[in-house]
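First comes the structure, then the notes that go with it.
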Amino acid sequence: MSDDKKDSSGIHVVLLGPPGSGKGTQSPMLVKEHNICHLSSGDILRSAATAQTPLGQEVNKIINEGKLVPDDLIVELIKENLKRPECKNGFVLDGFPRTVDQAKQLDSMLSQNNKKLDRALHFQINDDLLFERSAGRLLHPASGRIYHRTFSPPRQSMLDDITGEPLVRRTDDKEDVMKKRIRSYHEQTSPVLKYYKDRNILSTIDASLSKESVWEQIKEILPRKAL
Ligand code: ADP
Ligand code: AMP
């Protein structure tokens with residue numbers, strides 16, 4: 001069946017979890033299963049940070065300090081990206097919202113378009129595991145494809161499987177920055193879990209298991225809709 005005929009009912013999902021919990025790893029599978037778009041707020045901001053403009057430099061600085069960019073900036077970028085044609089069927093938002101204010105702004109953005117969020121998936125994992133995951137993370141910047149030196153290595157060392165282009169380490173995956181990112185998750189993002197729990201759309205998965213087991217849990221929560 002062609003992709004444009006597949007599952008036109010779509011779903012609207014957000015992924016919540018600390019840095020390194022596996023949100024970006026699971027997202028492409030959700031895209032394939034539900035024929036929706038994947039918006040990673042981190043990828044969008046990393047791309048903005050490459051611009052040699054005052055805004056690009058400021059974003060780059062904030063990312064490397066392990067802090068969050070201002071709510072209004074990321075909300076505006078997400079709003080723009082949601083207009084992409086591949087998002088018409090639904091989306092998986094990975095790394096957004098990260099504050100209660102962002103969650104509220106997302107709700108009003110959706111209600112203006114007569115849409116609503118179907119589910120918030122909470123990737124639950126102990127902080128200890130996050131350091132090993134981020135220390136080995138490798139990124140193909142152009143596509144956002146993610147590898148891990150040990151857990152998910154590329155076929156050829158430091159090269160993307162699809163394009164053969166070089167993989168990079170993220171500058172914010174250093175241990176000292178990771179500590180700050182994890183702290184910001186607990187302080188600023190964990191209240192978002194309650195926000196969605198109160199609205200009865202929060203599901204928690206055990207993100208410490210293998211990539212395959214995590215995907216099995218997600219499929220149980222979000223089964224593919226009948227065609
Ligand atoms: P996030 O998007 O939540 O920051 P990623 O998806 O980028 O996290 O995953 C962080 C690192 O951990 C990557 O190197 C990825 O390959 C690896 N990883 C992701 N999920 C798992 C898993 N279930 N088990 C082991 N390693 C994983
Ligand atoms: P990520 O790729 O999701 O780990 O995000 C990388 C960095 O981008 C974060 O540490 C923040 O500095 C910034 N960032 C990503 N998403 C958001 C967001 N929703 N709100 C504010 N800052 C964000």
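As the structure lists them, so they are numbered: ligands from 1, and atoms in each ligand from 1. Residue numbers start at 1 and run along the sequence shown. Not measured: the values here are computed from a predicted model.
- In this structure, R199 forms a cation-pi arrangement with Y195, its terminal cationic atom sitting closer than 6.0 Å to the ring centre and no more than 45° off the ring axis.
- Taking a cut-off of under 4.0 Å to the non-hydrogen atoms of K67, the atoms of ligand 2 that pass are 11 (C), 12 (O).
- Residue contacts with ligand 1 do not include G17, since none of its heavy atoms lies under 4.0 Å from the ligand.
- At under 3.5 Å, not a single nitrogen or oxygen of L68, backbone or side chain, sits near a nitrogen or oxygen of ligand 2.
- Distances below 4.0 Å separate heavy atoms of I63 from the following atoms of ligand 2: 8 (O), 12 (O).
- Among R170, E65, K61, the residue whose heavy atom lies nearest to atom 6 (C) of ligand 2 is R170.
- Below 3.5 Å of separation, one finds an N or O of Q102 facing an N or O of ligand 2.
- Per-residue contacts place L209 under 4.0 angstrom from the following atoms of ligand 1 (heavy atoms of the residue considered): 22 (C), 23 (N), 24 (N).
- Of the candidates V192, D173, V69, V69 brings a heavy atom nearest to atom 21 (C) of ligand 2.
- Looking at S40 next to ligand 2, no N or O pair under 3.5 Å apart turns up.
- Around atom 23 (C) of ligand 2, the closest heavy atom drawn from L106, I74, L15, L45 belongs to L45.
- Of the listed residues (Q26, R133, H148), the one carrying the non-hydrogen atom nearest atom 18 (N) of ligand 1 is R133.
- Those atoms of ligand 2 with a heavy atom of R46 less than 4.0 angstrom away are 2 (O), 6 (C).
- Residue contacts with ligand 2: D43 is placed with no nitrogen or oxygen under 3.5 Å of a nitrogen or oxygen of the ligand (distance criterion only).
- Near S41, with a cut-off below 4.0 Å to any heavy atom, the atoms of ligand 2 are 15 (C), 16 (N), 17 (C), 19 (N).
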